[in-house]
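The structure appears right after this line, and notes come after that.
Because the structure is a prediction, the values reported are computed rather than measured. Atoms considered below: every heavy atom in the structure, side chains included; atoms not considered: hydrogens, waters and symmetry mates.
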Amino acid sequence: MTEGTTTAAAESGDTLTRLEQEGEIAADYLEGLLDIADLDGDIDMDVEADRAAVSIVSDSAGRDLQKLVGRDGEVLEALQELTRLAVHRETGDRSRLMLDIAGFRAQKREELAVLGAKAAADVKASGEPLKLAPMTPFERKVVHDAVAAAGLRSESEGEEPQRFVVVLPA
């Protein structure tokens with residue numbers, strides 16, 4: 001191995017270790033939260049797309065965990081920010097950690113990927129730009145990725161919380 005390859009491998013290992021540490025801190029924080037709220041759930045940790053990913057899952061129907069998701073994922077978004085702050089407090093570094101509860105984000109990701117692919121197909125057929133409804137940053141990212149996979153470009157426009165995706169013709 002060359003020195004550059006060795007350095008890249010070491011940095012990759014350092015990044016993985018750092019992300020695993022973020023996941024551990026987040027898991028401890030969330031376990032404490034579940035205990036306080038007297039909710040049952042298991043914590044799964046992973047590293048996906050250069051970010052720590054933590055999920056709270058339940059063997060039961062997950063009815064109690066829906067309280068932590070809230071309407072349209074509003075509570076989930078707030079818990080993700082609180083968890084990121086807990087990680088920041090421990091590490092001193094900004095975290096891009098993703099939190100999923102009861103599979104809400106995974107299901108939303110699938111729905112948004114379909115929406116992005118359909119929007120791209122509509123734009124290819126019409127040749128006209130298409131503006132989508134306002135979305136959260138997570139939702140916009142999934143749509144941008146689906147549009148790019150379909151071979152088109154997209155941009156975000158507007159100001160939070162009314163920021164939206166515009167799918168552009170080729």
How many angstroms lie between atom CG of L76 and atom CG of L68, to the nearest 0.5 angstrom?
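The CG atom of L68 is 9.0 Å from CG of L76, to the nearest 0.5 Å.
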
Between atom CD of E159 and atom CZ of R163, what is the distance when rounded to the nearest 0.5 Å?
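Reported to 0.5 Å precision, the distance equals 7.0 Å.
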
Side chain to side chain donor-acceptor pair (under 3.5 Å) contacts touching [range] (sequence neighbours left out):
range            : answer
residues 123-132 : none
residues 38-52   : none
residues 87-99   : E22-S95

Hydrophobic clusters here meaning ILVMFWY residues chained together by side-chain heavy-atom distances under 4.5 Å, can you tell me if [X] and [Y] are in one?
X   : Y   : answer
L30 : I25 : no
L82 : V87 : no
Y29 : L65 : yes
L39 : V57 : no
V47 : M98 : no

Once side chain to side chain donor-acceptor pair (under 3.5 Å) is applied, do any residues pair with D122, and if so which ones, sequence neighbours excluded?
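If we apply the side chain to side chain donor-acceptor pair (under 3.5 Å) test to D122, skipping adjacent residues, the hits are K118.
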
Minimum heavy-atom separation for [X] and [Y], please, with both atom names.
X    : Y    : result
I101 : V69  : O-CG2, 3.6 Å
A119 : L130 : CB-CD2, 3.7 Å
A120 : V147 : CB-CA, 4.5 Å
M45  : G23  : SD-O, 3.1 Å
G41  : L34  : O-CD1, 3.9 Å
L152 : P169 : CD2-C, 4.2 Å

Side chains of [X] and [Y]: closer than 4.5 Å at any heavy-atom pair?
X   : Y   : answer
T83 : V54 : no
K67 : V75 : no
L16 : E20 : yes

Report the C-alpha distance between E110 and R105 in whole Å, list the side-chain angles of each, state the deciding distance to 0.1 Å, and finish with yes or no for side chain to side chain contact (heavy atoms under 4.5 Å, CB included).
CA-CA 9 Å; E110 289 176 20; R105 272 199 208 277; over 6 Å; no

Suppose clustering is done on Ile, Leu, Val, Met, Phe, Trp and Tyr with side-chain heavy atoms closer than 4.5 Å. Which residues sit in the same group as I36?
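The other cluster members (ILVMFWY side chains, heavy atoms under 4.5 Å, direct or chained): none.
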
Identify whether the distance between the nearest side-chain nitrogen and carboxylate oxygen of E155 and R153 falls below 4.0 Å.
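A salt bridge is present here (some side-chain N lies under 4.0 Å from a carboxylate O).
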
Between E74 and E77, does the side chain to side chain contact (heavy atoms under 4.5 Å, CB included) criterion hold? Intermediate values first, please.
CA-CA 5 Å; E74 291 173 340; E77 290 289 334; 5.8 Å; no

Go through the steps for V166 and L132 under the test side chain to side chain contact (heavy atoms under 4.5 Å, CB included), then give the verdict.
CA-CA 6 Å; V166 179; L132 301 177; over 6 Å; no

Examine distances only and state if a side-chain atom of Q80 and a backbone atom of L99 form a donor-acceptor pair shorter than 3.5 Å.
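Pair found, side chain donor or acceptor close to backbone of L99.
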
Just by modelled atom types, is the F104 backbone N or O under 3.5 Å from a matching donor or acceptor in the D100 side chain?
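Judged by distance alone, yes, a pair lies under 3.5 Å.
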
Identify each donor-acceptor pair in which a side-chain atom of residues 133-146 lies under 3.5 Å from a protein atom, sequence neighbours left out, and give them as a table.
unit_1 : atom_1 : unit_2 : atom_2 : d
T136   : OG1    : E139   : N      : 3.2
T136   : OG1    : E139   : OE1    : 3.4
E139   : OE1    : T136   : N      : 2.8
R140   : NE     : S156   : OG     : 3.4
R140   : NH1    : M135   : O      : 2.7
R140   : NH1    : E160   : OE2    : 3.2
R140   : NH2    : E160   : OE2    : 2.8
K141   : NZ     : D145   : OD1    : 3.0
K141   : NZ     : D145   : OD2    : 2.9
H144   : ND1    : S154   : OG     : 2.5
H144   : NE2    : S156   : OG     : 2.8

